[in-house]
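Report on one structure; see the data block that follows.
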Amino acid sequence: MRRLLLKSFVHGPLTEPAPARDEAALAELAARVNGASRKRLGRTLAIREVDAGSCNGCELEIHALNNVFYDLERFGLRFVASPRHADVLLVTGPVTAHMREALERTYAATPDPKWVVAVGDCGRDGGVFAASRACVGGVSAVVPVDMHIPGCPPSPVALLRGLLALIENVTA
Ligand code: SF4
């Protein structure tokens, strides 16, 4: 134990440094998402997150949008518990055979107008899991996809940029 403590004093933390905080840029980006969703939808943006079989890396970044660092609910970006209340389905992972029906039913339960955003490299085409017999492919193999946000995983800011581009480019 003593050796371990000594080692930690000598080597310091092994984790990566936290990303530089650019509060003003983040606030501006989030406010633009809020403004665009109010203009297009007349209200804030409601998102239902669907994990169709991811490794949870993408979920960690999506969850970060709600933490105290990003705290995006203050800008009108809301995660909802039911697809019946959602504007956007944010779908992660390769779609697994077991999650295929759940994704189809979630899509069917989401009222129009609705948009589907495939998140991460796995959401595009199955990514590193594409060859697995447990996967049926990317999100577009099961439901129509309006936008893909690349990355493994995409950062919270990349997610926000993707949502903004989606809202600015679709017609409600
Ligand atoms: S894109 Fe990367 S982080 Fe996201 S589910 Fe696939 S392997 Fe995991």
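Both counts, for ligands and for their atoms, begin at 1 and track the order of listing. Only this structure's heavy atoms are used, side chains among them; waters, hydrogens and symmetry mates stay out.
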Practice prompt. Taking the side chain as every heavy atom from C-beta outward, state whether E49 and H63 have any atom pair closer than 4.5 Å.
Written response: no
Worksheet item: Any idea which atoms of ligand 1 are less than 4.0 Å away from a heavy-atom of S54?
Response: 5 (S)
Worksheet item: At their closest point, which heavy atom of T44 faces which heavy atom of G76, and how far apart are they?
Response: CB-O, 3.0 Å
Practice prompt. Look at atom 4 (Fe) of ligand 1 and say which protein heavy atom is nearest, naming residue and atom and giving the distance to 0.1 Å.
Written response: C58 SG, 2.3 Å
Fill in: Any T92 heavy atom less than 4.0 Å to ligand 1
no
Discussion item. Tell me if a side-chain donor or acceptor on D146 pairs with a main-chain N or O of V117 at a distance below 3.5 Å.
Written reply: no
Worksheet entry | C55 N/O/S atom closer than 2.8 Å to atom 4 (Fe) of ligand 1 | no
Practice prompt. Answer yes or no: is there a side-chain heavy-atom contact under 4.5 Å between I167 and W115?
Written response: no
Practice prompt. Could you check N34 against L45 for side chain to side chain contact (heavy atoms under 4.5 Å, CB included), going step by step and ending with a plain yes or no?
Written response: CA-CA 7 Å; N34 190 18; L45 190 69; over 6 Å; no
Item to complete: May I ask you to decide if E59's main-chain N or O and N56's side chain share a donor-acceptor pair within less than 3.5 Å?
Response: no
Fill in: Taking atom 1 (S) of ligand 1 as the reference point, the nearest protein heavy atom with its distance
D121 N, 3.5 Å
Discussion item. Students should be able to answer this: which protein heavy-atom is nearest to atom 2 (Fe) of ligand 1, and at what distance?
Written reply: C152 SG, 2.3 Å
Fill in: G57: numbered ligand 1 atoms lying under 4.0 Å from its heavy atoms
3 (S)
Practice prompt. Side-chain contact test, heavy atoms from C-beta onward, threshold under 4.5 Å: evaluate it for L89 versus K114 and give yes or no.
Written response: no
Item to complete: Work out whether the distance between some heavy atom of P154 and some atom of ligand 1 is less than 4.0 Å.
Response: no
Worksheet item: Counting backbone and side-chain atoms alike, does C122 have an N/O/S atom under 2.8 Å from atom 8 (Fe) of ligand 1?
Response: no
Item to complete: Show which atoms of ligand 1 fall inside a sub-4.0 Å distance from at least one heavy-atom site of G151.
Response: 1 (S)
